[in-house]
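These notes are about the structure you will find just below.
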Amino acid sequence: MRFSRYFVPTLKEAPAEAEVVSHKLLIRAGMVRRLTSGIYSYLPLGLRGICKVAAIVREEMNRAGASEVLLPAVQPADLWQESGRWEHYGKELLRFKDRHDRDCCFGPTHEEVVTDIIRGEIKSYRQLPLNLYQIQTKFRDEIRPRFGLMRGREFIMKDAYSFDRDDEGADKSYRAMFDAYCRIFSRLGLKYCSVEADSGSIGGSFSHEFMVLAQTGEDLIISCAACSYAANVERAELVPPRAEDIDATEPGEIEEVFTPSQQTVEEVAAFLSIQPSDIVKTILVYVDDSPVAVLVRGDHEMNEVKVKHFLNGQVLRFANPDEVKKLSGAPCGFAGPVKLKVGNIIADNALKARQGWVTGANKEDLHLKNVSLLRDAKITEWGDLRRMEKGEPCPRCGAPVDARRGIEVGHVFKLGTKYSEALKANYVDESGEDRPIIMGCYGIGVSRVLAACIEQNNDEDGIIFPPPVAPFEVMLLNLDVKNEEVSAKADEIYEYLAAKGIDVLLDDREERPGVKFKDADLLGSPMQLVLGRKGLERGIVEAKDRRSGMKVELSLDAWDKEFADWHAQVLEGWKNS
Ligand code: ATP
Ligand code: MG
């Protein structure tokens with residue numbers, strides 16, 4: 001491709017709304033442009049990056065025995081009503097009506113559509129197992145679209161669906177996808193890990209997420225260096241207090257204490273000269289529209305995902321100040337479990353460790369001392385309801401865990417029969433009996449992968465693409481476009497590289513060398529070749545490894561060998577990095 005006729009609108013400054021480095025660089029490098037919140041156009045360079053990622057994904061999916069399809073983006077509501085998700089999916093599902101007033105949605109995921117195909121076509125055990133995948137645009141009306149391609153509303157996903165006769169087969173399919181994902185993310189040059197995950201609104205029995213480690217990641221990963229346990233914090237299991245760690249001493253009588261305008265745990269702790277860990281936080285929420293009080297220790301955080309699962313709920317929202325007043329009788333900050341008129345009070349296991357607590361009094365400006373949750377409150381159920389923190393004991397081996405940030409780039413689920421039962425996707429087994437097909441589903445955020453890749457590979461000058469993802473592996477800079485000899489040589493090298501199957505962008509613009517150097521660093525091709533009048537006179541091309549910054553001169557007389565050696569050396573450097 002020739003830069004002079006290519007469309008790469010680079011920018012010196014990133015727009016103010018771009019917070020993370022991948023978003024800034026995708027815009028500055030002219031790879032994407034924002035149309036509206038969470039919706040982006042892919043410009044030529046961005047599209048090339050996407051296609052590079054997609055090509056690797058496609059190769060590995062095909063290698064794993066999956067067949068590519070392309071399913072409709074617009075889906076009828078009836079299918080979603082059949083699976084039960086029309087009610088439950090929430091506002092992320094973009095719903096609309098067609099001209100005949102029929103409800104439709106834009107697919108955020110495709111379990112329903114693919115199961116509909118399978119129930120129509122698969123009759124016998126002989127047709128199984130099967131795995132269908134696609135690479136396609138999804139729409140999710142995210143509440144907080146942000147970070148550019150990282151969390152868009154419209155984004156590109158690879159989604160695959162496996163269909164098996166039995167659990168054993170389904171586990172094999174799951175393993176095959178898991179292994180394919182490892183190959184994909186390794187080939188893409190990403191530093192990643194796989195973690196145990198929550199199955200979210202897709203449902204199902206177990207799942208793993210693939211996380212790219214990055215400071216800007218929205219997910220928190222708990223990992224244990226002593227054993228190999230790793231889990232999303234949404235899922236990381238906490239061990240309940242051991243019997244020998246429980247202090248069963250019953251406290252004295254409950255006492256009311258005056259805590260004027262002390263609403264937060266920290267304020268109350270400071271005011272009463274106690275620790276946040278001496279306080280029980282009472283959090284009032286609605287799960288599927290029923291009020292619930294969730295109790296956690298003052299220094300702990302409630303885990304919304306765990307609470308939702310614990311109650312078999314779909315949607316959790318916090319009570320607003322009016323609702324808090326209605327439920328507890330007091331303004332925010334003074335709710336407590338004693339005589340609370342909420343039917344469902346659930347308590348985190350950590351609160352079993354002792355008896356005497358400080359809690360809200362359900363009266364303005366008052367708290368209670370010496371509260372025993374066993375004696376003074378009506379706890380419906382105890383459970384694991386909070387977030388694990390760095391340094392807490394690993395649920396497998398007890399060693400202190402680490403917490404790191406990550407970007408979820410892929411997710412594999414074992415679904416079981418959730419969709420096949422709802423949509424009646426059955427097959428006839430060897431003995432002539434009807435059985436539901438066992439399913440799995442497997443997603444990769446193709447557009448998010450491109451962003452994650454930039455997040456992990458950049459410096460102050462711009463992007464540093466790993467060779468497999470780079471829109472162009474080589475950028476060839478012609479510093480003297482007006483000089484015929486230089487231009488002829490640049491064209492010759494360009495043709496040479498193209499013939500070798502190397503993607504090359506020739507900067508043949510009438511621009512100052514400084515502009516070309518800056519743009520080359522910004523666009524992030526892993527290899528740069530620079531040809532100018534002076535170099536040509538000396539018979540050399542300057543070659544720069546974008547990642548290490550190392551420059552060498554390649555002799556035009558021994559071009560074949562010198563280029564091949566340097567090219568191999570740069571690739572080798574990436575492999576070992
Ligand atoms: P998240 O927790 O980040 O919202 P999810 O659990 O909803 O992700 P899945 O339904 O498993 O995601 O979708 C499969 C993959 O699609 C994810 O692993 C992620 O890489 C990608 N993805 C999901 N939502 C978005 C989005 N809003 N923008 C870009 N990529 C996304
Ligand atoms: Mg999501």
Side-chain angles (χ1 to χ4, degrees), residues 20 22-23 26 32 34 37-40 42 46 49-50 53-54 57 61 85 88-94 106-112 114 133-161 174 177-178 180-181 184-185 188 190 192-204 206-214 216-221 231-235 303-305 308-309 314 405-415 418-419 440-455:
V20 298
S22 61
H23 188 189
L26 280 162
V32 302
R34 177 178 177 274
S37 166
I39 302 183
Y40 289 83
Y42 301 100
I50 292 282
V53 174
V57 169
M61 294 311 288
R85 284 207 290 186
H88 289 312
Y89 207 93
K91 291 195 172 163
E92 276 77 37
L93 185 63
L94 178 65
F106 194 106
T109 173
H110 279 69
E111 284 78 13
E112 281 81 358
V114 78
Y133 80 97
Q134 62 172 343
I135 296 175
Q136 189 217 28
T137 296
K138 302 279 190 260
F139 193 94
R140 295 183 181 178
D141 207 349
E142 300 277 356
I143 185 165
R144 227 173 288 115
R146 57 179 186 163
F147 300 164
L149 297 190
M150 206 88 90
R151 183 166 297 283
R153 294 198 295 158
E154 191 175 300
F155 60 96
I156 300 173
M157 197 204 285
K158 185 286 299 178
D159 44 329
Y161 305 89
Y174 185 90
M177 283 294 108
F178 189 99
Y181 275 38
I184 288 168
F185 296 120
L188 289 169
L190 291 166
Y192 72 95
C193 64
S194 63
V195 305
E196 287 183 15
D198 176 72
S199 348
S201 70
I202 306 240
F206 61 84
S207 80
H208 285 88
E209 283 164 348
F210 286 78
M211 295 283 189
V212 163
L213 302 172
T216 47
E218 292 183 285
D219 286 277
L220 203 59
I221 307 164
N232 192 313
V233 75
E234 291 180 346
R235 152 104 184 187
N303 180 328
E304 294 177 38
V305 175
K308 252 189 331 196
H309 282 332
Q314 301 281 342
R405 300 228 139 254
I407 302 165
E408 179 198 325
V409 286
H411 203 161
V412 292
F413 296 88
K414 181 165 177 204
L415 285 171
K418 177 176 160 136
Y419 295 92
C441 74
Y442 316 92
I444 289 182
V446 172
S447 44
R448 186 183 280 182
V449 163
L450 185 64
C453 190
I454 296 174
E455 215 51 55

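Order of appearance sets the numbers: ligands from 1, and atoms from 1 within every ligand.
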### Query
Do Glu111 and Arg85 sit within salt-bridge range, that is, some charged N less than 4.0 Å from a carboxylate O?
yes

### Message
One thing to verify: whether Arg235 and Glu209 come together as a salt bridge, which I'm taking to mean a side-chain N less than 4.0 angstrom from a carboxylate O.
### Response
no

With heavy atoms of [X] as the reference, note each atom of ligand 1 found under 4.0 Å away.
X: Val409; result: 18 (O), 20 (O)
X: Gly445; result: 15 (C), 16 (O), 20 (O), 21 (C)
X: Met157; result: 13 (O), 14 (C), 16 (O)
X: Glu142; result: 24 (N), 26 (C), 27 (N)

### Query
So which of Phe147, Tyr442, Phe155 gets nearest to atom 22 (N) of ligand 1, if we judge by its closest heavy atom?
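Residue with the shortest heavy-atom distance to the ligand atom: Phe155.
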
### Message
Just to be sure I'm reading this right: ignoring hydrogens, which of Arg140, Glu154, Lys138, Arg153 gets closest to atom 9 (P) of ligand 1? Compare them by their nearest heavy atoms.
### Response
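Answer by nearest heavy atom: Arg140.
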
### Message
Regarding ligand 1, does Gly152 bring an N or O atom to under 3.5 Å of one of the ligand's N or O atoms?
### Response
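N/O-N/O distance under 3.5 Å: yes.
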
### Query
Should Asp219 be counted as touching ligand 1, given the test is an N or O pair under 3.5 Å?
no

### Task
Could you pull out all residues at least two apart from Ala214 that satisfy side-chain contact (heavy atoms from CB on, under 4.5 Å)?
Thr216, Ile407, Glu455

### Task
Compute the ring centroids of Phe155 and Tyr40, then answer whether they are less than 6.0 Å apart.
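Centroid separation for Phe155 and Tyr40: 6.0 Å or greater.
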
### Message
Going by salt bridge (Lys or Arg N to Asp or Glu O under 4.0 Å), name the residues that satisfy it together with Asp219, two or more places apart in sequence or in a different chain.
### Response
none

Is the shortest distance from a heavy atom of [X] to ligand 1 less than 4.0 Å?
X: Leu149; answer: yes
X: Ser447; answer: no
X: Glu218; answer: no

### Task
Report the part of Glu408 (side chain from C-beta onward, or backbone N, CA, C, O) that has a heavy atom under 4.0 Å from ligand 1; answer both or neither where that applies.
both

### Message
Can you confirm whether Asp159 sits close enough to Cys441 that some side-chain heavy atom of one is under 4.5 Å from a side-chain heavy atom of the other?
### Response
no

### Task
Looking only at non-hydrogen atoms, find the nearest pair between Phe106 and Thr137 and report the distance.
CE2-O, 3.8 Å

#### Entry: Passing candidate, side chain to side chain contact (heavy atoms under 4.5 Å, CB included) with Leu450, options Val409, Leu149, Leu188
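Going through Val409, Leu149, Leu188 one by one, the side chain to side chain contact (heavy atoms under 4.5 Å, CB included) with Leu450 is satisfied by Leu149 alone.
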
